[in-house]
Amino acid sequence: MNVRRRSSAAALAAIAVIGAAAAPAVAADPSPSTSSSAPSGKSGGTDGLYGSADPQYDGVWRQSLALLAQDTAGVIPSSSAVKWLTDQQCDNGAFAPFRADPAKACDAKTMVDTNSTAAAVQALWAVGGHGDAVEEALGWLKSVQNADGGWGYTPGSPSEANSTSVVIGALAATETDPGTVKKGGKSPYDALLAAALPCAGDGGAFGYPDQDGKPIANADATAAGVLGALGKGLVAEAGEKTADATCTASDQPTREQAAANGAAYLAGTLAKEGHLTSALGGSAEQPDYGNTADAVVALAAQGGKDKAAKPLAWLEKNAAKWAGESSPAAYAQLILAAHATGTDPRDFGGTDLVAALNATGPAPQGVSAEDSATASDEDGKDQKDQNDQQQDGDSGFGVWWFVGVCLVFGIGIGFLLSGRTKKQQP
């Protein structure tokens, strides 16, 4: 089950995740109104948010990826976009997928989650100047770490590779060694390795628990697991070039071995068509653009950009239309894939991903809204003929596996960041 989220797929993913993880129902605040203001000076509704789709299930995740992608592309995000994200934080440091009225204090009914919190940590650390918010979020994450060292999507839910890996990413991004963050003597790496499946039968994949709690080989969990095992976050650079990955059997694999095994699984899964597939509700399988982008990042991080050449080429040829029909996070994922492989995100198969992302929300600092929109419109015209020629099978919605839903990422930790001055400037 490879789900990543976006628009209506987000709701489906959220429902799927909750069921698969046997966690309590995750309900965000009611859908936002069209109001762009809220009392107490806090920005509510969708003011400052990237994308116009209902943010109920993916607001914080969407915004976090957008800010991270802009940062990797050398773009300084709009202050209103950053404020929208910081205003979403609860007093205890956690984030929910979306709170329509951030002026209203979070309570027991506010369904905060590790994935939204972990993604927000990485975004706020990247843009800088929000050390207190980051520290508080990490403190909450540490408080909900499971006894096996990992995290589930919601506090108390069973640990799984996606959520544990996104948490590892938040720790690594804030210059903390994930191996030192322990609960009951167990670190996040212990929990992650427990999700690494054997070579025989499962090909070295990382598993995601089914309804009975049994880990099942899963491509998106594997992409997340590879990055987590390498101690990397949502933003990753190409690693050193290695030989073609093969699965090495071991009763107690090291983190590096588990990452290599996971990369071998992804390479094998991508070998035939160059992309991953997914299906929802018994429908026919279709290309899964979002998870393919995740796989590109994982393969490049583990063994160099050449390892990701085939799926990257497929994305450059086919993903522009999908991104345009999805949320801003789709553009962001492609930008992160380009970043990991050293590809120009402003000429990604002829598409300027950065301009397209910028056009979905408040104009970044130094870029006028008119310039951003114009660049996006021109790019769309250049791509129209190519997109119209795509096969029907290539135009399916990308079932991403949204953070917090059946297939996505996670977080956890708490410690003081005093003395850590990197990107802490006001």
Side-chain angles (χ1 to χ4, degrees), residues 1-4 160-162 165 192-210 214-230 232 236 238-279 284-319 333 336-337 340-341 393-394 396 398-401 406-409:
M1 181 165 54
N2 291 329
V3 188
R4 235 294 181 198
E160 27 83 9
N162 297 78
S165 294
L192 189 58
L193 290 177
L197 301 176
C199 294
D202 293 308
F206 283 84
Y208 191 85
D210 63 12
K214 178 183 178 182
I216 303 297
N218 177 274
D220 198 56
T222 301
V226 168
L227 290 177
L230 295 172
K232 297 183 181 296
E240 294 183 6
K241 185 176 181 179
T242 63
D244 290 340
T246 57
C247 193
T248 303
S250 174
D251 292 334
Q252 294 182 317
T254 63
R255 292 195 292 114
E256 292 75 18
Q257 288 175 325
N261 289 351
Y265 173 85
L266 290 174
T269 305
L270 290 160
K272 183 178 180 180
E273 298 180 315
H275 64 81
L276 299 176
T277 60
S278 61
E285 288 190 345
Q286 53 192 311
D288 191 330
Y289 302 86
N291 284 335
T292 299
D294 291 342
V296 165
V297 177
L299 287 171
Q302 191 279 325
K305 63 180 183 180
D306 291 346
K307 292 290 184 62
K310 186 172 182 177
L312 177 68
W314 183 87
L315 286 173
E316 289 184 295
K317 181 180 180 180
N318 299 289
Q333 275 195 292
L336 296 180
T341 56
D394 287 342
V399 216
W400 294 15
W401 141 281
C406 181
L407 292 153
V408 109
F409 307 63

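The figures that follow rest on heavy atoms only: side chains count, while hydrogens, waters and symmetry mates do not. All residue numbers refer to positions in the sequence shown, counting from 1.
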- [ ] Can you tell me which residue pairs pass the salt bridge (charged side-chain N to carboxylate O under 4.0 Å, His left out) test with a partner in residues 247-266, sequence neighbours excluded?
- [x] none

Task: Test item: P311 and T292 side chains (from C-beta on) under 4.5 Å apart, heavy atoms - done: yes

- [ ] Would you confirm whether Q302, through its side chain, and A259, through its main-chain N or O, come within 3.5 Å as a donor-acceptor pair?
- [x] no

Open item on the list: Give me the atom names and distance for the closest heavy-atom approach of A236 to V297.
Closed with: CB-CG1, 4.0 Å

Open item on the list: Working to the nearest 0.5 angstrom, can you tell me the gap between L266 CG and N291 CG?
Closed with: 10.0 Å

- [ ] Calculate, to the nearest 0.5 Å, the distance between atoms CG and CG belonging to D220 and L276 respectively.
- [x] 8.0 Å

- [ ] Measure the spacing between CG of L193 and OG1 of T254 and express it to the nearest 0.5 Å.
- [x] 8.0 Å

- [ ] Find out whether W314 and P287 are in side-chain contact, i.e. whether some heavy atom of one side chain is under 4.5 Å from a heavy atom of the other.
- [x] yes

Task: Rounded distance (nearest 0.5 Å) linking atom CG of N218 with atom CD of E160 - done: 10.0 Å

Task: Main-chain N/O of A243 paired with K307 side-chain donor or acceptor, under 3.5 Å - done: yes

- [ ] Measure across A161 and A195 and return the closest heavy-atom pair with its distance rounded to 0.1 Å.
- [x] CB-CB, 4.1 Å

- [ ] List the atom of A224, the atom of S165, and the distance in Å for their closest heavy-atom pair.
- [x] O-OG, 3.0 Å

Open item on the list: Looking at every heavy atom in both K272 and K310, which two are closest together, and how far apart are they?
Closed with: O-NZ, 3.7 Å

- [ ] State, yes or no, whether a side-chain contact exists between C199 and N261 at a heavy-atom distance under 4.5 Å.
- [x] yes

Task: Side chain to side chain, P215 and L197, heavy atoms closer than 4.5 Å - done: yes

Open item on the list: If you define the side chain from C-beta out and look only at heavy atoms, does anything of L270 sit under 4.5 Å from L299?
Closed with: yes

TODO: Please report the closest heavy-atom contact between G204 and Y265, naming both atoms and the distance.
DONE: C-CB, 4.3 Å

Open item on the list: I'd like to know whether F206 forms a side chain to side chain contact (heavy atoms under 4.5 Å, CB included) with L192, so could you lay out the CA-CA distance, the side-chain angles of the two residues, the decisive distance to 0.1 Å, and finally the verdict.
Closed with: CA-CA 8 Å; F206 283 84; L192 189 58; 3.9 Å; yes

Task: Considering all heavy atoms, the nearest A293-A337 contact - done: O-CB, 4.0 Å

